[in-house]
Amino acid sequence: MSSRLPDPSADERDHSDRLLTHLREEVAAHGPMPFAQYMERCLYAPGLGYYSAGKTKFGEAGDFITAPELGGLFARCVVNVAMPVLELLGDEADFLELGGGSGAFAEAALKSMLANATLPRRYLILEPSADLRERQRERLAQALPAEVFARVQWLDRPPEEDWRGVLFANEVIDALPTTRFAMRAGEVYEEYVALDGEGRLMRVDRPADALVSGAVRHVERDTETDFADGYRSEILPQLPYWIQAIAGSLSAGMMLFVDYGYVRREFYLPERTDGTLRAYYRHRAHNDPLYLPGLNDLTASVDFTALAEAGNGAGFGVAGYMPQAQFLIGSGLQEAFEAAYESAADEQARYRLAQEVKKLTMPDEMGERFQAMIFVRDMDVVPLPAELLESDQGDRL
């Protein structure tokens, strides 16, 4: 594994070793842990998890690049969709971003909202990482006018009081700790992380509990197929509870999720026998989640059919589902590009804009791999652009 990946620095290896020690102690004390619990520790353990420590995650200096890191066009398109909803809901409408990343999206979105005179009452960022929260705060304080920055608030947990507005999440669901399941002799097993005889981490299978087994059987019934022996993949039995937790208090408004994934029948293709789980380390993807825990981003693709079911169960209706390219085009990407191109400072800036559009929309980049799903609740009118509604592929779910 290390032969084809960059070697970690001494500090990085020490950081990973400290998390590894905690993981070994936990397994030794309590027995093998479900893979979802292992993933949660690797990503979010205080001070040691991938998202909880000080290492740069986003952009060229990190491990991966998200759409907002490419430039401001992505955020402007999202704002084009959110603005009519915020205007319809009135002065009390808020905008809630889940997982603010580097703060790039919030910066571009708030600047676009300011330019269009459609600032929400509050721009809320639900960010569990203290390290990322501080980076976001510093960035936005420097980039935004004081009166705009004053509208930004950070949350430790989802709003408990009813609120109205727009909830937005880009590449959030793929980072939810996922359950790994496997089929043996027609029975459902769950993947765990254990220790071998020399104290090294290893993956083992145990009979699944009723929650995991029931979720897998639901997929089999819905796809009208039985998973073959040896088939292994991911599933999120907790997704309905998560959606209810983060959006249950959104009494009226819209939710927009953008992530990489598939509809259910494509997610669980017979030939995809080892699921979609990947680890990312310095812009390189690999398939060993036990390698250098704490230094890798662990992620799995999204089953958008499961997301639609979870949203419906929480009282929302699916208003649109489409690949990212169609979402951006239907949300005014061409107009946003032309305006930015016209005001670009030089040829280099114009070239960067062209490259940004290419990466956001080309099928072999983000255009087809990423999907957008729009939910609405308690809105008599859904003020979405006509071109966006025409791109809806909800019948594929």
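Side chains included, hydrogens not; waters and symmetry mates left out as well; all remaining heavy atoms used. Quantities reported herein were computed from a predicted structural model and do not represent experimental measurements.
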Does the plane of the ring in Phe257 sit parallel, tilted or perpendicular to the ring in Phe375? Use 30° and 60° as the thresholds.
perpendicular
Is it possible for you to check whether Arg151 lies under 6.0 Å from the centre of the six-membered ring of Tyr123, through NZ or CZ, and within 45° of that ring's axis?
no
Ring centroids only, cut at 6.0 angstrom: are Tyr291 and His286 within range, meaning strictly under it?
yes
Does Phe337 have Arg76 sitting over its ring (NZ/CZ under 6.0 Å from centre, angle to axis within 45°)?
no
Worked check of ring-ring contact (aromatic ring centres under 6.0 Å, His included) between Phe304 and Tyr321
CA-CA 9 Å; Phe304 275 90; Tyr321 168 74; 5.5 Å; yes
Check for me whether the distance between the ring centres of Tyr262 and Tyr268 falls short of 6.0 Å.
no
Distance-only donor-acceptor check, side chains Glu92 and Trp163, under 3.5 Å
no
Flag side-chain contact, heavy atom, 4.5 Å: Val78 against Phe168
yes
Ser249 and Asp162: side-chain donor and acceptor closer than 3.5 Å?
no
Any side-chain heavy-atom pair from Met183 and Val188 closer than 4.5 angstrom?
yes
Are Glu390 and Pro385 side-chain neighbours, meaning at least one heavy-atom pair lies under 4.5 Å?
no
Applying salt bridge (charged side-chain N to carboxylate O under 4.0 Å, His left out), name anything that partners Asp259, two or more places apart in sequence or on another chain.
none
Looking only at the aromatic ring of each residue, does the gap between the centers of Phe181 and Phe227 stay below 6.0 angstrom?
yes
